Amino acid sequence: DVQLQASGGGLVQAGGSLRLSCAVSGLTFGNSAIAWFRQAPGKEREGVACIVSDNDDTVYSDSVKGRFTIASDNAKNTVYLQMDNLRPEDTATYYCTIDQSVTSCITAMVYPGGMDYWGKGTLVTVSS
C-alpha cells in the first residue's frame, strides 16, 4: 500500500522560511518523478517543483524559481521542499505526488492528472 505523508506546513510571515517533507512508503523512488503541487482556495492546482532522484533532475515553476529548493533523501524515502523568502501568494495547501511510470519532471508537472499517488496535503499560510 503506497502512502505519502506531507508535513511541515504552518503560519509564517512574509520573507520567512518553511521546509516541507513528504515521506513515501510502499515503494522506492528509483527513477520516478516526485513533485510538489499547491492549490489555493478558488485557484487551480499549480505545479511547484519536481525531482527525479536518480539523476537529480529538477524543475521549478517560474513563480518559485530561486526561492524554493527540492531535494530527495533516498535512504529515508523522503522528499523535501525548502521554501525561502515566502510571499503571501505562496499561501496554499501543498501536495506531494509520485508515479513510478513517470520518469520525467516535465511530464509530471504538465500532466498531474496522470500521477498515481498523492499525499493529503499540508497547509502553508504566509501573512503579510
Side-chain angles (χ1 to χ4, degrees):
D1 189 25
V2 177
Q3 293 188 348
L4 286 74
Q5 182 64 51
S7 61
L11 173 64
V12 64
Q13 288 188 331
S17 298
L18 283 174
R19 188 177 80 154
L20 305 184
S21 299
C22 176
V24 181
S25 60
L27 58 78
T28 55
F29 289 167
N31 61 350
S32 307
I34 310 139
W36 286 96
F37 283 75
R38 67 186 180 187
Q39 188 164 22
K43 294 190 176 180
E44 291 189 358
R45 181 173 52 186
E46 174 191 14
V48 174
C50 177
I51 187 168
V52 177
S53 61
D54 265 11
N55 57 23
D56 280 338
D57 179 37
T58 56
V59 171
Y60 296 92
S61 67
D62 287 343
S63 59
V64 307
K65 201 173 294 183
R67 300 187 298 122
F68 291 11
T69 304
I70 190 170
S72 67
D73 184 333
N74 290 357
K76 294 183 178 180
N77 241 34
T78 300
V79 172
Y80 303 97
L81 186 67
Q82 177 67 39
M83 307 187 296
D84 298 317
N85 192 19
L86 282 160
R87 304 168 180 168
E89 53 264 39
D90 295 318
T91 295
T93 299
Y94 285 70
Y95 301 88
C96 53
T97 180
I98 187 172
D99 189 318
Q100 288 182 300
S101 66
V102 177
T103 58
S104 160
C105 274
I106 298 296
T107 301
M109 295 280 273
V110 173
Y111 302 108
M115 300 294 282
D116 274 349
Y117 303 107
W118 291 81
K120 286 188 177 180
T122 184
L123 177 62
V124 172
T125 304
V126 184
S127 62
S128 57

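Below, each value reflects all heavy atoms present in this structure, side chains not excepted, and no hydrogens, waters or symmetry copies. A quick note: this is a predicted structure, and the numbers were derived from the prediction, not measured.
Once rounded to the nearest 0.5 Å, the distance linking CD1 of Ile34 with CD1 of Ile70 reads 7.0 Å. From Cys50, atom SG reaches atom CZ of Phe37 across 7.5 Å, with rounding to the nearest 0.5 Å. In this structure, the separation between OG on Ser128 and CD on Gln13 is 9.5 Å, given to the nearest 0.5 Å. For the atom pair Arg19 CZ and Asp84 CG, the distance stands at 11.5 Å (nearest 0.5 Å). Taken to the nearest 0.5 Å, the OG1 atom of Thr58 stands 14.5 Å off from the CZ atom of Phe68. Once rounded to the nearest 0.5 Å, the distance linking OG1 of Thr69 with CE of Met83 reads 11.0 Å.
Counting non-hydrogen atoms of other residues, nucleotides and ligands closer than 6.0 Å to CD of Gln39 gives a total above 12.
Not a single ring pair (Phe, Tyr, Trp, His ring centres under 6.0 Å) links Tyr94 to another residue, sequence neighbours left out. Arg67 is linked by a side-chain hydrogen bond (donor to acceptor under 3.5 Å, both in side chains) to Asp90, counting only residues two or more places apart in sequence or in another chain.
Under the 4.5 Å side-chain heavy-atom criterion for grouping Ile, Leu, Val, Met, Phe, Trp and Tyr, Val52 is not connected to Val64 through any hydrophobic cluster. Leu81 and Val12 end up in the same hydrophobic cluster when Ile, Leu, Val, Met, Phe, Trp and Tyr side chains are linked at under 4.5 Å. Hydrophobic clustering keeps Tyr80 apart from Val59 (ILVMFWY residues linked when any side-chain heavy atoms are closer than 4.5 Å, directly or through intermediates). When hydrophobic clusters are built by joining Ile, Leu, Val, Met, Phe, Trp and Tyr residues whose side-chain heavy atoms come closer than 4.5 Å, directly or via intermediates, Met115 is not grouped with Leu4. Note: the hydrophobic cluster containing Val48 does not contain Met109 (ILVMFWY, side chain heavy atoms under 4.5 Å, direct or indirect links).
Listed here is the closest heavy atom pair of Ser17 and Asn85: OG-N, 4.3 Å. Across Ala40 and Ala92, no two heavy atoms sit closer than the pair N-CB, 3.8 Å. The shortest non-hydrogen separation linking Asp57 to Asn55 is N-OD1, 2.8 Å. Residues Cys22 and Trp36 share a closest heavy-atom pair of CB-CZ2, 3.5 Å. Annotation for Asp73 and Phe29: closest pair O-CE1, 4.2 Å, computed over non-hydrogen atoms. For Gly119 against Tyr95, the heavy-atom pair with the smallest separation is O-CD2, 3.5 Å.
Looking at heavy atoms from C-beta onward, Pro112 lies in side-chain contact with Trp118 at the 4.5 angstrom threshold. Ile98 is not listed as a side-chain neighbour of Val79, based on a closest heavy-atom distance of 4.5 Å or more.
Within the 3.5 Å criterion, the main-chain N or O of Asp116 finds a donor-acceptor partner in the side chain of Asp99. A donor-acceptor contact shorter than 3.5 Å links the side chain of Asn77 to the backbone of Leu27. Without hydrogens or angle criteria, Ser53 side chain to Gly30 main chain gives a donor-acceptor distance under 3.5 Å. A donor-acceptor pair under 3.5 Å links the side-chain atoms of Thr97 to the main chain of Tyr117, judged by distance alone.
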Checklist entry - Would Ser63 and Glu46 satisfy side-chain hydrogen bond (donor to acceptor under 3.5 Å, both in side chains), going step by step from the backbone distance to the final call? => result CA-CA 10 Å; Ser63 59; Glu46 174 191 14; 2.9 Å; yes
